[in-house]
Amino acid sequence: MSTALTVTLNILDKEYRVSCPPEERSNLEQAARHLDTTMRDIRNSGKVIGVERIAVMAALNISHDMLTGTRKQDSELDNQQRQIGELVNRLDQALSRHQP
């Protein structure tokens, strides 16, 4: 059983201490870097003022990207499954023609 460790994350020039399992540290740090980059991009655009608003916009952007990516993956999976089904049908037809 692993014990939680405290990780220090820097997001938009602020330090946050977060507890997480040791095996999740790398993912947590990667997520924090992604959030920091997204928030900096929003802040640097000059269109959104205030840390809270920047955080909400970053959360919305990241959520949108995640949902869009999930939908795209689902669509690609459906397409691949359809193609596999067509190939199986072709193989079945070819095999049935060559059986004595």
Side-chain angles (χ1 to χ4, degrees):
M1 181 184 218
S2 62
T3 59
L5 58 93
T6 301
V7 180
T8 302
L9 307 170
N10 290 297
I11 301 170
L12 206 61
D13 304 323
K14 281 188 94 173
E15 207 171 82
Y16 298 89
R17 293 178 161 274
V18 179
S19 245
C20 77
E23 63 273 10
E24 290 297 320
R25 180 181 186 153
S26 178
N27 289 335
L28 177 61
E29 290 172 337
Q30 185 178 2
R33 283 191 300 273
H34 180 63
L35 177 59
D36 180 62
T37 299
T38 303
M39 289 179 70
R40 286 179 186 281
D41 290 346
I42 291 168
R43 182 185 67 184
N44 294 339
S45 75
K47 296 178 183 175
V48 180
I49 298 172
V51 176
E52 186 176 304
R53 288 178 182 262
I54 290 170
V56 169
M57 291 305 299
L60 286 170
N61 287 340
I62 292 168
S63 296
H64 178 265
D65 291 346
M66 182 195 70
L67 290 172
T68 302
T70 300
R71 287 186 197 121
K72 184 177 179 183
Q73 284 178 334
D74 288 347
S75 174
E76 288 174 1
L77 182 61
D78 288 345
N79 187 40
Q80 290 171 349
Q81 288 174 335
R82 183 186 51 76
Q83 289 175 343
I84 290 169
E86 289 173 3
L87 286 171
V88 167
N89 287 338
R90 287 183 195 170
L91 284 170
D92 286 343
Q93 289 173 1
L95 290 172
S96 66
R97 279 184 259 161
H98 294 292
Q99 287 183 353

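- L77 is linked by a side chain to side chain contact (heavy atoms under 4.5 Å, CB included) to Q80, Q81, counting only residues two or more places apart in sequence or in another chain.
- The CD1 atom of I42 lies 8.5 Å from the CG atom of L60; values are rounded to the nearest 0.5 Å.
- Interatomic distance, R25 CZ to T6 OG1, rounded to the nearest 0.5 Å: 10.0 Å.
- You'll find the side chain of L9 reaches within 4.5 Å of the side chain of L28, heavy atoms only.
- The environment of CZ in R90 is sparse: at most 12 heavy-atom neighbours from other residues, nucleotides or ligands sit within 6.0 Å.
- Distance check, rounded to the nearest 0.5 Å: CZ of R97 to CG of D92 gives 11.0 Å.
- Nearest approach of M57 to V48, heavy atoms of both residues: CG-CG2, 4.0 Å.
- In this structure, T37 OG1 and I11 CD1 are separated by 10.5 Å, a value rounded to the nearest 0.5 Å.
- Around the CD atom of Q83, the shell of radius 6.0 Å holds more than 12 heavy atoms that belong to other residues, nucleotides or ligands.
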Would you mind writing out the side-chain donor-acceptor pairs for residues 13-20 within the sub-3.5 Å range, not counting sequence neighbours?
from : atom 1 : to  : atom 2 : distance (Å)
D13  : OD1    : R40 : NH2    : 2.8

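- Within 6.0 Å of CD on E86 lie more than 12 heavy atoms contributed by other residues, nucleotides or ligands.
- Note that CG of N79 is 10.0 Å distant from CD1 of I84, once rounded to the nearest 0.5 Å.
- A donor-acceptor contact shorter than 3.5 Å links the side chain of S96 to the backbone of Q93.
- With rounding to the nearest 0.5 Å, the separation of CZ in R33 from CG in L35 is 12.0 Å.
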